[in-house]
Each structure stands twice: as structure tokens, then as C-alpha cells.
Amino acid sequence: MYRMDAKKILFIAQEITPYLPESEIATICRNLPQGIQEKGHEIRTFMPKFGNINERRNQLHEVIRLSGMNLIIDDTDHPLIIKVASIQSARMQVYFIDNEDFFQRKATVADEQGNEYEDNDDRSIFYVRGVLETVKKLRWIPDVIHCHGWMSALTGLYIKRMYADDPCLKDAKIVYSVYNDDFKNPFRSDFANKLQMDGAKDKDVKLIKDDTSFVALSKLAIDFADGVIQGSETINPEIADYIASQTQTPSLGYHSPETYIDAFNEFYDVVLKE
């Protein structure tokens, strides 16, 4: 049942349960899209097709008409594969961004010993670009793009710089949720250069030129967001201070599982009025 004032909300998630084990992000990204859809809005939801997702059990299948594009990252071609699955109880589809080089491993962002993958920077670029290219192919024009987890942190930069003239994406408002999901090892030192090869300007990447830490990446995401949400009850204090200092950007404090769907839904309206 869609409303006259129905919005189109795109969720770019790092993890979603039941495809990955329960975590704060995975649980929110499972329940929030359903809750927003039940309020009469139209949704699309994306996540990476990490190698530890059981395709047969979760009935993933490739969407041939959306797959087959190549994305160039750091001078290398990477084929983009799109898969889809349904959460029947929620009447909700989830799209998966897949690529053999980046996502065919037995874990998500770190190996079984807990060592973070060295190419998490490239995986993040590929994921964000893959989502945006797929949304364009779907010819679906989102009003709000809500990003969850650091793997989605580059979305605002790409929308406002590399896709600034794209009719599907240029008017979308970006909401970034900050979680207590820090990565330990900074990204590689040429991270900013890779973004500049994609079209980012010097001033866009100034924060991550010499510092490719979780904090610096989060600040970049906040700079390019139209609204910021504190997703975890406690977050990195430096990031919390940075959110507070961005007085021109609407922000929303932490909300408990009982209240966040209503709170986020209202926050989308605040951001859309900006």
C-alpha cells in the first residue's frame, strides 16, 4: 500500500542478517528497510556478496540483465555481478554486489585469523560504484540513500562528485549512519589517488591524503552527507565530536531498537527539507 507522498529509500548496507551472522549493523539493515516499506515507502537494499554467504541456502540467483559491466579500479578491470534474494516474511528483496577478485573469500572484511584484507579500500570503492551503477540500470531514482557501515562511506563523495550530473542520482540526499565498527589497519597510502583517478578533486580527499584510518574515512563520509545518524550507542569520541562540529548538517542521536524505525523515518523528512 503506497502513499501519495511515498519516498524512494535506497539502503546501502555492509551486512544484513540472515545472510550474515547477527550484529548491530546486520540486524538494523534487516529490520529498517522492512519497517520503512511498511510505512508505505519504496525501498531497494544492497549488500556485498561476501564469500561466506551460502548462496544455495539463501536462494541467491544472478540477475543477468544487470550483470556484465566492468568497473575499472586502479587501472584494473573488475566484472560486476549482481545477484538477488528475497526475505519472504518481509516481502523484501536484497541485491548483492559480487566480483570474484573481491568477494570470493571465506570471510567478510578480515580472514579467519582476524587479519583485515589489504584490499578493503578497493573492495569499498567497487562496492559503492557497483551499487550506484546498478541503481542507474534499474532506472530507479532514490530520494534518500541511507548508508550503513564503513564499506559504504564513499557513497556521498561519489554521488556529489563523480555522479553529480547523473539524472538518477544527482538529487538524492545522503544519510550516513556511524557505527562502532572501526577497522584497525588504515587503508593503503594510495587510497586518495585511486579516488582522484575516479574523478575526486584534491579538496575532496584532503582528509584521507595522509591519514587513511577509520576516523578519517568517517569524517569524509560525514562531510559529504546531508544527514548523520549515530547508529551505535557509543561511537569513537573523535567522530562524535566531528559530528557535533558540523552544525550545518542535521544529525540524529542514538535510538534504541524499539524506536529507531520511526525516528529514522522522521529524520529522512528533515533531510529532504534541507
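Heavy atoms only: backbone and side chains are in, while hydrogens, waters and symmetry mates are out. Sequential numbering from 1 along the given sequence is applied to the chain's residues.
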> So with a 6.0 Å cut-off around CG of Asp210, is the heavy-atom count from everything else above 12?
Replying inline: no
Which pairs would a plain distance check flag for residues 125-134, meaning a side-chain donor or acceptor within less than 3.5 Å of a matching protein atom at least two apart in sequence or in another chain?
residue	atom	partner	partner atom	Å
Tyr127	OH	Ala13	N	3.4
Tyr127	OH	Ala13	O	2.7
Tyr127	OH	Phe46	O	3.0
Tyr127	OH	Met47	N	3.3
Arg129	NH1	Ile72	O	2.7
Arg129	NH1	Asp198	OD1	3.2
Arg129	NH1	Asp198	OD2	3.2
Glu133	OE2	Tyr163	OH	2.7
Thr134	OG1	Gly130	O	2.7

Check: [Y] main-chain N/O paired with [X] side-chain donor or acceptor under 3.5 Å:
X	Y	answer
Glu24	Thr27	no
Asn193	Asp190	no
Glu116	Asn185	yes
Lys136	Asp166	no
Arg123	Phe102	yes
Asn265	Ile261	no

> Is it true that Asp119 and Arg188 make a salt bridge, defined as a side-chain N closer than 4.0 Å to a carboxylate O?
Replying inline: no
> When you check the gap from the basic side-chain N to the acidic O, do Asp111 and Arg105 get nearer than 4.0 Å?
Replying inline: no
What distance do [X] atom [atom1] and [Y] atom [atom2] have between them, rounded to the nearest 0.5 Å?
X	Y	atom1	atom2	result
Tyr254	Glu233	OH	CD	5.0 Å
Ile9	Arg44	CD1	CZ	12.5 Å
Asp121	Leu154	CG	CG	9.5 Å
Leu207	Ser213	CG	OG	9.5 Å
Lys83	Glu55	NZ	CD	3.5 Å
Phe214	Ile239	CZ	CD1	4.5 Å

Which atom pair, heavy atoms only, marks the closest approach of [X] to [Y]?
X	Y	result
Gly149	Asp181	CA-OD2, 3.6 Å
Ala225	Tyr176	CB-CB, 4.1 Å
Ile145	Ala172	CD1-CB, 3.7 Å
Ile243	Ser251	CG2-CB, 3.8 Å
Asp98	Phe103	OD1-CB, 3.7 Å

> Can Trp140 and Leu10 be said to form a side-chain contact (heavy atoms from CB on, under 4.5 Å), step by step?
Replying inline: CA-CA 9 Å; Trp140 194 74; Leu10 170 62; 3.8 Å; yes
> So Asp223 and Tyr242, side chain to side chain donor-acceptor pair (under 3.5 Å) or not? Walk me through it.
Replying inline: CA-CA 10 Å; Asp223 280 354; Tyr242 196 73; 2.7 Å; yes
> salt bridge (Lys or Arg N to Asp or Glu O under 4.0 Å) between Glu22 and Arg30: does it pass, once the steps are laid out?
Replying inline: CA-CA 10 Å; Glu22 287 202 7; Arg30 160 65 185 84; over 6 Å; no
> Could Lys160 and Phe224 be counted as a cation-pi pair, given that NZ or CZ must be under 6.0 Å from the ring centre and within 45° of the axis?
Replying inline: no
> Would His41 and Tyr268 satisfy side-chain contact (heavy atoms from CB on, under 4.5 Å), going step by step from the backbone distance to the final call?
Replying inline: CA-CA 11 Å; His41 300 301; Tyr268 298 154; over 6 Å; no
>> Does Asp182 form a side-chain contact (heavy atoms from CB on, under 4.5 Å) with Lys184? I'd like the steps, not just the answer.
In response: CA-CA 6 Å; Asp182 313 32; Lys184 307 295 173 272; 4.2 Å; yes
